[in-house]
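Here is the structure we will look at, set down as structure tokens.
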Amino acid sequence: MTDHTQQPVTITSFGYGHAPAPEATAVYDVRAHFRDPHVDPALRHQTAESPDVFATVMNTPGVAALVDCIVHTVFSYRAGPTPAPITIAIGCVGGRHRSAAIAIRVAQILAGTQMPATLEHRDIARPVIARPEAPTDDTATATAAGGR
């Protein structure tokens, strides 16, 4: 039996707004399902390396379950009979907030299980992507109620 427990694991965060997803064993697109810290002007120009951004992403409903899923994905590939490197790519719009925070947490958990991973942030240092602001709760409510 081949021991492939030492095959490299790479966790990469990226922003679809900068370039397509990198080649990976598995790609997770978090753009549509999790609130973007970018909508908060106080967090917009920070990155997931900021404790405030990291906490905001980690406290988003569903993110902890996704992190667990990604960790289990790594272990599932690692358990397979054929040794090969494992690359997990996690993408959001700009690669500075959601994807980077999730990648950091996955790498932390893997390191705690004695499966260290290389963490790469492809786009975390790139400029913030300008985009239309998300509607506030008041705007969304007024629109849903016929423009009150």
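Both Ile86 and Ile104 belong to a single network of hydrophobic side chains, linked directly or stepwise wherever heavy atoms of I, L, V, M, F, W or Y lie under 4.5 Å apart. There is no path of hydrophobic side-chain contacts, each under 4.5 Å, that joins Ile70 to Val27. If you chain together hydrophobic residues whose side chains sit under 4.5 Å apart, Val93 and Val53 never meet in one group.
A distance of 6.0 Å separates CZ in Phe75 from CG in Leu110, rounded to the nearest 0.5 Å. Between Ile11 atom CD1 and His121 atom NE2 the span is 10.5 Å, to the nearest 0.5 Å. A distance of 9.5 Å separates CD1 in Ile109 from NE2 in His72, rounded to the nearest 0.5 Å.
Although no hydrogens or angles enter the test, the distance criterion places no donor-acceptor pair under 3.5 Å between the side chain of Arg31 and the main chain of Gly91. With Arg78 contributing its side chain and Val9 its backbone, the two residues share no donor-acceptor pair below 3.5 Å. In terms of modelled atom types and a separation under 3.5 Å, the side chain of Ser13 and the main chain of Ile90 share no donor-acceptor contact.
By the 4.5 Å heavy-atom criterion applied to side chains, Val106 and Leu119 are not counted as neighbours. At a threshold of 4.5 Å between non-hydrogen side-chain atoms, the residues Thr56 and Asp40 do not count as touching. The shortest side-chain heavy-atom distance between Leu43 and Gln46 falls under the 4.5 Å cut-off. Side-chain atoms of Gln7 and Tyr77, non-hydrogen and from C-beta on, never get closer than 4.5 Å to each other. Side-chain atoms of Arg35 and Val57, non-hydrogen and from C-beta on, never get closer than 4.5 Å to each other. The side-chain heavy atoms of Thr10 and Ile88, taken from C-beta on, include no pair separated by under 4.5 Å. Between Val30 and Leu66, the closest side-chain pair of non-hydrogen atoms falls below 4.5 Å. You'll find the side chain of Arg96 reaches within 4.5 Å of the side chain of Val128, heavy atoms only.
The nearest pair of heavy atoms linking His38 to Arg44 is O-NE, 2.8 Å. Nearest heavy atoms, Ala26 versus Thr73: CB-CG2, 4.3 Å. Minimum heavy-atom separation, Thr12 to Pro22: CG2-CG, 4.3 Å. In terms of heavy-atom proximity, Asp123 sits nearest to Gly15 at OD2-N, 2.7 Å. Val67 and Arg105 get closest at one heavy-atom pair: CG1-CG, 3.8 Å.
A salt bridge links Arg98 with Asp36: at least one charged nitrogen is closer than 4.0 Å to a carboxylate oxygen.
Residues in residues 7-26 take part in these ring pair (Phe, Tyr, Trp, His ring centres under 6.0 Å) pairs, two or more places apart or across chains: Phe14-Tyr16.
When only modelled atom types and interatomic distance are considered, Tyr28 and Ser99 share no side-chain donor-acceptor pair under 3.5 Å.
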